[in-house]
Amino acid sequence: MTGPLKVALLGCGTVGSAVLRVLQGQADELGARIGRPVEVAGVAVRRPAHHPDVPAHLLTTDAHALVTRDDVDLVVEVIGGIEPARSLMLAAFEAGKSVVSANKALLADDGVALHAAAAKAGVDLHYEAAVAGAIPILRPLRESLVGDQLSRIVGIVNGTTNYILSRMAETGAGFGEALAEATELGYAEADPTADVDGFDAAAKAAILASLAFHTPVSAADVHREGISTVTATDVARAAEIGCTVKLLAICERVPGEDGDSVAVRVHPAMIPTSHPLASVGGAFNAVFVEAEAAGQLMFYGQGAGGEPTASAVLGDLVAVARNRMTGAPGPGVTGYANLAVRPMAETPTRYHVSLDVADKPGVLAAVAQEFATHDVSISTVRQTGRGDAATLVIVTHSAPDAALSATISALREMPAVRGVTSVLRVEGLS
Ligand SMILES: NC(=O)c1ccc[n+]([C@@H]2O[C@H](COP(=O)([O-])OP(=O)(O)OC[C@H]3O[C@@H](n4cnc5c(N)ncnc54)[C@H](OP(=O)(O)O)[C@@H]3O)[C@@H](O)[C@H]2O)c1
């Protein structure tokens, strides 16, 4: 092998154009690091006329023909979505080409089949950019931490929702107002559903859990709640107990009598301001990892944007190109542990509940009894106000999520409870 390694770039949008700039601008550096020159073989797009900066001879609308071209060695998929990305990846594997992708939706949907296809073909499939943009987290899970036993990963993996929640905390604004500001500043897309409703974070949680626990986890296995129901009151109540509200992707190994299982969930939660994730503000991402031997680790940085994401794509590109040079793929991904995925109803969580009640004898006892009836023990109770304007703020100990939500439903029906004004899960409190 002497000629340049040729790369097919599928997609030239936010990420693809940044990848192309570096591939062309720093080709000598990259070639030196790989040990062989690297060159762009072609760029597949939907609308060639929209890409005046790309040399015309590189542009094509026939991505499949580009992927299967004999002179193409490696494929970078930054089209996004399920199809045609999946078919293109499979075509690349069949043709013996390694793939680098940033496609969280596809990997979370069909990671098992794609890894199997890559392994069968004896090629690499890398996708560091699919989770938390520039932050190296998948390679640490796949390689650096593979000798350790991971117990828990808690991530802020969606910059849009983190920006919105940060602004709600800073300004006291409601969700709608903060979303409007995020949209105006370009932090939220015109259709923010994938971010705001937690779909994007759920896909990333599935990928993180699969790698951390050597267990196939798909996006459908992830319990998902978004942030559109988080109110200014929730954020204010969090501040009162020294907490802040974040959308968390939580992947954990839960010990059980029948063996361990994994619980994977995405939902807003209060975390203490002293927790390392609490200081992750604006559109930044961070992933907090707990491992038996390593202890606690924190990965922090830019979770999106063309250049930061391109950094992760190019890191993968150099890695797979080096493997191509040595003639053997790197270590694959195993699902050997195949742990059961625990339903959310059985997953232990803690709740913070704020109730408007009448300040009358017996009310506190009746409320406490409702928790006891559902086998939920209370960690702290605080009462503010008097007479008709009394508020009870309760933080529970850990209990199965279903028991906690049943308690809330029962509280809503109690005559002494005028209203349940805030309910949020709590993470990281001692
Ligand atoms: N943007 C980020 O910050 C970020 C961060 C991490 C991961 N990612 C992931 O990176 C991937 C790309 O995201 P992006 O933001 O760069 O998307 P984007 O700006 O929408 O770009 C998509 C590109 O794919 C091309 N394309 C679409 N359908 C095609 C088809 N059938 N054949 C050939 N080309 C096609 C589009 O061509 P035209 O330009 O001609 O329409 C466009 O160039 C996604 O998987 C995303 O989840 C993005």
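By convention here, the first residue in the shown sequence is residue 1. Counting starts at 1 for both ligands and their atoms, in listed order.
- Summarising the geometry of Leu107 relative to Ser101, their closest heavy-atom pair is CD2-OG, 4.2 Å, with the distance given to 0.1 Å.
- Ion pairing of Glu427 with Lys246 is absent here, as no side-chain N (NZ or NE/NH1/NH2) approaches a carboxylate O to less than 4.0 Å.
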Donor-acceptor pairs are to be reported for all side-chain atoms of residues 78-95 against protein atoms at under 3.5 Å, with residues two or more places apart or in another chain.
| unit_1 | atom_1 | unit_2 | atom_2 | d |
| --- | --- | --- | --- | --- |
| Glu83 | OE1 | Ser87 | N | 3.4 |
| Glu83 | OE1 | Ser87 | OG | 2.7 |
| Glu83 | OE2 | Arg86 | NE | 3.3 |
| Glu83 | OE2 | Ser87 | OG | 3.1 |
| Arg86 | NH1 | Asp110 | OD2 | 2.3 |

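- Of the possible donor and acceptor atoms, none in the side chain of Ser210 sits under 3.5 Å from a partner among the backbone N and O of Pro216.
- A salt bridge is absent between Arg342 and Glu252: the closest approach of a Lys/Arg side-chain nitrogen to an acidic carboxylate oxygen does not fall below 4.0 angstrom.
- Around atom CG of Asp70, no more than 12 heavy atoms belonging to other residues, nucleotides or ligands sit under 6.0 Å away.
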List ligand 1's nitrogen or oxygen atoms that come under 3.5 Å of a protein nitrogen or oxygen, with the partner atom and distance.
| unit_1 | atom_1 | unit_2 | atom_2 | d |
| --- | --- | --- | --- | --- |
| ligand 1 | 3 (O) | Gly305 | N | 2.7 |
| ligand 1 | 16 (O) | Thr14 | N | 3.2 |
| ligand 1 | 16 (O) | Val15 | N | 2.8 |
| ligand 1 | 19 (O) | Thr14 | N | 2.9 |
| ligand 1 | 19 (O) | Thr14 | OG1 | 3.3 |
| ligand 1 | 37 (O) | Arg46 | N | 3.2 |
| ligand 1 | 39 (O) | His51 | NE2 | 2.8 |
| ligand 1 | 40 (O) | Arg46 | N | 3.1 |
| ligand 1 | 40 (O) | Arg47 | N | 2.7 |
| ligand 1 | 40 (O) | His51 | NE2 | 3.0 |
| ligand 1 | 41 (O) | Arg46 | NE | 3.3 |
| ligand 1 | 41 (O) | Arg46 | NH2 | 2.9 |
| ligand 1 | 41 (O) | Arg47 | NE | 3.0 |
| ligand 1 | 41 (O) | Arg47 | NH2 | 2.9 |
| ligand 1 | 43 (O) | Cys12 | N | 2.8 |
| ligand 1 | 43 (O) | Gly13 | N | 3.1 |
| ligand 1 | 47 (O) | Lys104 | NZ | 3.2 |

